[in-house]
Structure formats: C-alpha cells, structure tokens
Amino acid sequence: MARALRLLASCALFSQALAHSRILYLIINGQQYRGFNHHAPDAISNSIGWSTSAVDDGFVTPSNYSNPDIICHRDGKPAKAHAPVKAGDKIQVQWNGWPQSHKGPVLSYLAPCANTTDGCASVDKNKLSWTKIDDSSPVLLDEKGGPPGRWATDVLIAQNNTWLLGLPSDLEPGPYVLRHELIALHYANLKDGAQNYPQCVNLWVEAPGPKTATVGKEEVVVAGQKEGVPATALYKTTDPGVVIDIYTALSTYVIPGPTVAPEAKPVPVTEQGLKSTITAVGTPVVVTRATATVPLPNGKTAAAFKG
C-alpha cells in the first residue's frame, strides 16, 4: 500500500508547475495587501512581499538550509512597503493554491528590522533573527483511513488555501518581517526530498507593547524573547520532521525548527475556519525614519488578482 501511495504521489507531481505556490495577499482587519507577483511587475512597487527569483513559484531543498535562499526564498530581496498592523492582530495569509499531495506543516516566524531608518526596506536578511510564532501543531492531525492521513496543509486547503495567524499581544512597535512557510513532505522519504516554500512580507506594528518602544535598537522584543535564530540555522537536513516517510503509519510528527515563543498567540488548527472578509484594498506604508511612516504613494491600487 505504501508503495502504491508513493507511486500515486509521483504521478500527481509529473507536472511540477502545478505543485508550486506563493502568497497572493494578506488580509488584516479587512484590508487586503498584495504579496510579490513576478507575473505583474507593475504591481511590485505596491507589494509588501519580498521579491524572489523563483519565477516557477518553486521551493528550496534541504541541501540549501545553510544557504541564504532559505531565508526569504531564492534571491529574496526586501520590499519597500509595509502592511500596518497592531499587536495582537489576526492575519489571514492567502496562498495561490496548494496540492493535496503536499502534506506538511505550516510555519510562521517574525524578525524585527533593527537599526534601520526605512523599516525593512534595506534590511540585511542575513542579520535577521527569527522567532517562531506558529507551528500548526500538532501538524499530523489523524491517519483515519490509513497514511498519509490529514495534515495541517489539508486544513489550509480546506480554507481556500488560507492560514490564519495571530501576532503576539506584547509585540513592540516597529518594522518586522513575517516569514510564512509551507513544507511539503511528499518526497521527504528521499534524499533532499523535502520542499520548503518560505515567503516573506513586511509589517509595521503600530500598537505599543508592554514596554517603552525600542524601535531601531537591538532590544526590540518579539513575543517576549530578545534572542531569535538566523534562518540558516532553523533546520538541519537530518531533522526527523524533514526526513520522513509519510506513506507509512506514524504515531506522531516532530515539527522542525525552534519551539514557538512562550508569548505567541497561534490560532489553533480547530479555529482556522474563522476567515477575514475583504472590505477594502489596504494602503501600505513606507518607513521614513525609525519611528514614523507615511502612506505609500499610489499604494491603494486594484485588488490583488489570482494568478
């Protein structure tokens, strides 16, 4: 049976283009903010999503876990625009589809853009320090009917390829990069077979945290922690959550990466049906100095299209 399932997965993946995806947009308090879309170069200036060279909307392999491409995808470069949010807000992430065969976890991280005057627009991605705020635990939900079973990505698919995440309520104001990632495990039983789809977007947190604002300083706090992890140190090629055969019976799944921050507010898998309704196209902001922003000129454009 396991061999037959692997063969079925291989057939489903014959056309790799169908397997690839990216973030279309975010919905925050009813406002829609577009992600990066290399198919629409005229919209890049209004995007809060980091640009990449992944024109195939493809993935990063485990052999590149120590390569900068794992940070914000292949050749990731920061956007100038930021989506305004408040500490404790819920963010709905809309993906451009996701294949049923691509079982795996849904992971989210935050990194403050410290010591900058333009927010995250010119931040050195190699210096970003990441804190995990959501890991879609328990990821493997059940194996009723046999493996590969029902995973967190199946929940995402059932919600029209969206994931709802919560920002920590004690988040300090200032610029942050949100790193949202799907890991597909359909080939994870093979060497270098897991597929990571990291996506980055810029946020500007408006609401004050529990302490005096320290925007632009190293003491910026994410979810109550001062120390994060470089993206190139998040995973190892030998992690049990990366090297795994999902076509055999599993009693549990070890989620790759660091643990979720103690003060994080992830939305449980059971509450992923709580969707946001788009009421307007949001206007991103640009950071003019460490503690100030202005609306992005001509930032409120047509809604992000599907594609």
Side-chain angles (χ1 to χ4, degrees), residues 9-10 13 15-24 35-39 47 49-79 93 95-99 101-111 120 123-136 139 151-153 156 161 163 165 177-202 228-244 246 253-258:
S10 297
L13 291 168
S15 175
Q16 284 292 325
L18 295 177
H20 300 167
S21 192
R22 57 185 158 77
I23 290 177
L24 275 179
F36 172 72
N37 185 353
H38 48 74
H39 300 300
S47 169
W50 284 42
S51 65
T52 80
S53 63
V55 294
D56 61 346
D57 292 334
F59 52 86
V60 179
T61 59
S63 58
N64 285 306
Y65 280 171
S66 59
N67 185 290
D69 283 350
I70 194 62
I71 303 173
C72 291
H73 219 312
R74 302 197 295 262
D75 301 311
K77 293 180 176 59
V93 183
W95 284 79
N96 185 37
W98 192 249
S101 62
H102 287 34
K103 314 284 187 179
V106 182
L107 309 174
S108 298
Y109 301 82
L110 275 180
C120 301
V123 72
D124 182 349
K125 63 184 178 182
N126 296 288
K127 295 181 180 179
L128 291 173
S129 189
W130 303 91
T131 299
K132 185 182 282 185
I133 61 169
D134 189 2
D135 63 0
S136 63
V139 180
W151 294 68
T153 48
L156 177 140
N161 306 302
W163 192 261
L165 61 91
V177 181
L178 170 65
R179 182 181 182 275
H180 186 67
E181 179 180 39
L182 306 182
I183 303 181
L185 302 172
H186 52 291
Y187 277 166
N189 60 310
L190 304 176
K191 182 178 180 180
D192 211 29
Q195 300 178 358
N196 290 62
Y197 293 77
Q199 300 278 296
C200 288
V201 296
N202 290 344
V229 180
T232 51
L234 289 175
Y235 315 120
K236 297 179 181 178
T237 57
T238 56
D239 285 345
V242 171
V243 181
I244 187 173
I246 66 172
Y253 173 73
V254 181
I255 302 171

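As the structure is a prediction and not an experimental result, all values here were calculated from the model. This chain uses plain numbering: 1 for the first residue, then up along the sequence.
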I'd like to know if the side chain of [X] and the backbone of [Y] have a donor-acceptor N/O pair within less than 3.5 Å.
{"X": "Asn161", "Y": "Asn96", "answer": "no"}
{"X": "Lys125", "Y": "Gly76", "answer": "yes"}
{"X": "Gln199", "Y": "Ile23", "answer": "yes"}
{"X": "Ser136", "Y": "Pro105", "answer": "no"}

What distance do [X] atom [atom1] and [Y] atom [atom2] have between them, rounded to the nearest 0.5 Å?
{"X": "Leu156", "Y": "Ser21", "atom1": "CG", "atom2": "OG", "value": "8.5 Å"}
{"X": "Ile71", "Y": "Leu128", "atom1": "CD1", "atom2": "CG", "value": "7.0 Å"}
{"X": "Phe36", "Y": "His38", "atom1": "CZ", "atom2": "NE2", "value": "6.0 Å"}
{"X": "Gln195", "Y": "Leu185", "atom1": "CD", "atom2": "CG", "value": "9.5 Å"}
{"X": "Thr61", "Y": "Asp192", "atom1": "OG1", "atom2": "CG", "value": "4.0 Å"}

For [X] and [Y], which heavy atoms make the closest approach, and how far apart are they?
{"X": "Pro78", "Y": "Cys120", "value": "CB-O, 3.1 Å"}
{"X": "Val177", "Y": "Trp50", "value": "CG2-CZ2, 3.7 Å"}
{"X": "Thr131", "Y": "Gly228", "value": "OG1-CA, 4.0 Å"}
{"X": "Pro198", "Y": "Asp69", "value": "CG-O, 4.3 Å"}
{"X": "Ala79", "Y": "Ser47", "value": "CB-O, 3.4 Å"}
{"X": "His102", "Y": "Trp98", "value": "O-NE1, 2.9 Å"}

- Evaluation steps, side chain to side chain contact (heavy atoms under 4.5 Å, CB included), between Val106 and Thr153: CA-CA 7 Å; Val106 182; Thr153 48; 4.3 Å; yes
Tell me yes or no: between the side chains of [X] and [Y], is some donor less than 3.5 Å from an acceptor?
{"X": "Tyr65", "Y": "Asn196", "answer": "yes"}
{"X": "Ser108", "Y": "His180", "answer": "yes"}
{"X": "Ser53", "Y": "Asp75", "answer": "yes"}

Donor-acceptor contacts under 3.5 Å from residues 229-238 side chains, at least two apart:
residue: Tyr235; atom: OH; partner: Tyr109; partner atom: OH; Å: 2.8
residue: Tyr235; atom: OH; partner: Glu181; partner atom: OE1; Å: 2.4

- Does the side chain of Ile183 come within less than 4.5 Å of Pro256's, by heavy atoms? yes
- Task: Would you indicate whether the side-chain heavy atoms of Lys132 and Ile255 approach each other to under 4.5 Å?
- Result: yes
- Message: Pair Ile133, Leu165 - check side chain to side chain contact (heavy atoms under 4.5 Å, CB included), show working.
- Response: CA-CA 8 Å; Ile133 61 169; Leu165 61 91; 4.2 Å; yes
- Do the rings of His73 and Tyr197 sit parallel, tilted or perpendicular, given the 30° and 60° boundaries? perpendicular
- Is a salt bridge present between Asp57 and Arg22, judged by a nitrogen-to-oxygen distance below 4.0 Å? yes
- Message: Please determine whether side chain to side chain contact (heavy atoms under 4.5 Å, CB included) holds for the pair Trp163 and Leu182, giving the CA-CA distance in whole Å, both sets of side-chain angles, and the decisive distance to 0.1 Å.
- Response: CA-CA 10 Å; Trp163 192 261; Leu182 306 182; over 6 Å; no
